[in-house]
Amino acid sequence: LIVGYLEPLKGKIDINDEKFLPIWVVVEIVSLGTLSKIFNNLKQEYRKMICNNEYYHFYHVFFQNYISIATALRNRIAHRERIYGKYFAKAPLLNKSDKNILSENNLQINGSQSTLFMYILCIKHLLLNKSRNLYFANRFEKILKKYPVVTLENLGFPSNWKAYFD
């Protein structure tokens with residue numbers, strides 16, 4: 001089964017000479033949900049090492065939550081579930097900065113009523129390339145212009161949402 005997934009990688013690695021697959025190959029072939037489960041099943045010391053390195057500086061519990069948030073949102077979208085005007089069941093862990101953003105904009109901080117904006121704030125932390133934040137903001141703005149019937153309020157976004165993606 002795995003060999004079929006590795007077919008496009010032929011020539012880049014020698015499957016027969018490797019006892020274990022390189023981590024970049026594993027990440028390439030597993031789903032986001034599986035990757036999330038792998039991370040959740042690691043010993044705490046390994047989760048901490050992943051979260052505190054030259055790229056990330058997260059408390060591992062936040063990172064774990066952000067990955068599961070990304071998985072939950074991905075699954076909703078992939079299965080064509082409606083996200084407009086809906087709340088999400090999984091509560092995101094919000095850091096102090098994110099809580100301040102919600103508080104400043106009089107947005108409810110209630111785990112049982114997690115909005116798309118709250119989820120996107122969490123996913124934003126996973127992006128190492130800050131230009132991705134701008135890319136998201138520009139694309140999202142185009143969608144809002146194309147569909148003027150879509151209101152920010154029904155997505156849980158404040159009116160000044162774009163300021164948080166610079």
Side-chain angles (χ1 to χ4, degrees), residues 5 8-9 12-13 21-40 42 46-86 88 90-107 109 114-166:
Y5 283 111
L9 300 173
K12 294 181 182 174
I13 62 167
L21 292 174
I23 190 66
W24 67 268
V25 173
V26 174
V27 170
E28 192 72 28
I29 61 176
V30 300
S31 69
L32 183 59
T34 301
L35 196 58
S36 175
K37 288 175 186 168
I38 289 170
F39 182 81
N40 291 342
L42 290 173
Y46 296 127
R47 288 195 308 254
K48 285 181 179 181
M49 282 193 304
I50 290 169
C51 294
N52 292 304
N53 60 50
E54 61 189 275
Y55 303 108
Y56 288 112
H57 302 287
F58 286 120
Y59 178 50
H60 69 93
V61 175
F62 276 80
F63 188 83
Q64 198 168 353
N65 181 259
Y66 295 163
I67 294 283
S68 65
I69 291 291
T71 302
L73 182 58
R74 179 259 170 224
N75 288 343
R76 270 202 170 187
I77 293 168
H79 296 286
R80 298 176 184 229
E81 291 182 37
R82 188 173 68 130
I83 58 173
Y84 182 72
K86 290 292 228 174
F88 297 87
K90 182 149 186 68
L93 292 177
L94 300 171
N95 63 27
K96 189 175 181 179
S97 170
D98 293 340
K99 286 179 182 177
N100 287 341
I101 289 169
L102 297 176
S103 179
E104 289 166 4
N105 290 285
N106 297 318
L107 297 173
I109 304 172
S114 303
T115 64
L116 179 62
F117 182 67
M118 294 165 113
Y119 268 41
I120 301 242
L121 280 178
C122 291
I123 293 168
K124 183 181 100 158
H125 294 297
L126 295 174
L127 301 176
L128 294 175
N129 185 340
K130 299 301 179 192
S131 67
R132 287 287 183 189
N133 292 334
L134 264 166
Y135 177 77
F136 165 78
N138 292 331
R139 292 281 307 206
F140 187 66
E141 194 169 48
K142 285 180 183 176
I143 291 169
L144 292 173
K145 286 179 182 172
K146 184 175 180 179
Y147 301 101
V149 69
V150 172
T151 64
L152 292 171
E153 184 180 320
N154 280 331
L155 297 169
F157 277 65
S159 58
N160 63 341
W161 67 273
K162 197 167 180 184
Y164 302 110
F165 294 90
D166 290 336

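All values reported here derive from a predicted model rather than from experimental measurement.
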Kindly indicate, with the supporting measurements, whether the criterion side-chain contact (heavy atoms from CB on, under 4.5 Å) is fulfilled by Phe88 and Arg76. CA-CA 10 Å; Phe88 297 87; Arg76 270 202 170 187; 3.4 Å; yes

How long is the span from the SG atom in Cys122 to the CZ atom in Phe117, to the nearest 0.5 Å? 10.5 Å

Report the C-alpha distance between Tyr84 and Thr151 in whole Å, list the side-chain angles of each, state the deciding distance to 0.1 Å, and finish with yes or no for side-chain contact (heavy atoms from CB on, under 4.5 Å). CA-CA 9 Å; Tyr84 182 72; Thr151 64; 3.3 Å; yes

Asn65 versus Ala91, closest heavy-atom pair with distance: ND2-O, 3.3 Å

Of the non-hydrogen atoms in Leu126 and Ala70, which two are nearest, and what is the gap between them? CD1-CB, 4.4 Å

Out of curiosity, Leu73 CG to Leu32 CG, how far, rounded to the nearest 0.5 Å? 10.0 Å

Rounded distance (nearest 0.5 Å) linking atom OG of Ser97 with atom NE2 of His125: 6.5 Å

Any non-hydrogen side-chain atom of Leu102 less than 4.5 Å from a side-chain atom of Pro158? no

In chain order, what residues pass the salt bridge (charged side-chain N to carboxylate O under 4.0 Å, His left out) check against Glu104, with sequence neighbours excluded? none

Give the intermediate values and the outcome of ring-ring contact (aromatic ring centres under 6.0 Å, His included) for residues Phe165 and Phe140. CA-CA 11 Å; Phe165 294 90; Phe140 187 66; 8.2 Å; no

Report, as yes or no, whether the 6.0 Å neighbourhood of atom CZ on Arg82 holds more than 12 heavy atoms from other residues, nucleotides or ligands. yes

Would you indicate whether the side-chain heavy atoms of Glu141 and Trp161 approach each other to under 4.5 Å? yes

Quick check: closest heavy atoms across Phe62 and Asn95, and the distance to 0.1 Å? CE2-N, 3.6 Å

Chi angles and distances behind the side-chain contact (heavy atoms from CB on, under 4.5 Å) call for Ile120, Phe136: CA-CA 10 Å; Ile120 301 242; Phe136 165 78; 3.7 Å; yes

If you compare all heavy atoms of Ile50 against all heavy atoms of Phe63, which two are closest, and at what distance to 0.1 Å? CG2-CE2, 4.4 Å

Would you indicate whether the side-chain heavy atoms of Leu107 and Ile101 approach each other to under 4.5 Å? no

Determine, step by step, whether Tyr164 and Asn105 satisfy the side-chain contact (heavy atoms from CB on, under 4.5 Å) criterion, reporting the C-alpha distance in whole Å, the side-chain angles of both residues, the deciding distance to 0.1 Å, and the verdict. CA-CA 12 Å; Tyr164 302 110; Asn105 290 285; 2.9 Å; yes

Give, for atom CG of Asn138 and atom NZ of Lys162, the distance between the pair rounded to the nearest 0.5 Å. 4.5 Å

Measuring from atom CG of Asn133 to atom CG of Leu127, what distance do you get when rounded to the nearest 0.5 angstrom? 5.5 Å

Phe39 and His60: which non-hydrogen atoms are nearest, and at how many Å? CE2-O, 4.1 Å

All heavy atoms of Pro92 vs all of Ser114, minimum pair found to be CD-OG, 3.0 Å

Could you state the interatomic distance from CG (Leu116) to CG (Leu152), rounded to the nearest 0.5 Å? 10.5 Å

Identify, with sequence neighbours excluded, every residue that meets salt bridge (charged side-chain N to carboxylate O under 4.0 Å, His left out) alongside Arg132. none

Residue Lys37 excluded, over 12 heavy atoms near NZ under 6.0 Å: no

Does a sphere of radius 6.0 Å around NZ in Lys86 hold more than 12 heavy atoms from other residues, nucleotides or ligands, not counting ones at 6.0 Å or beyond? no

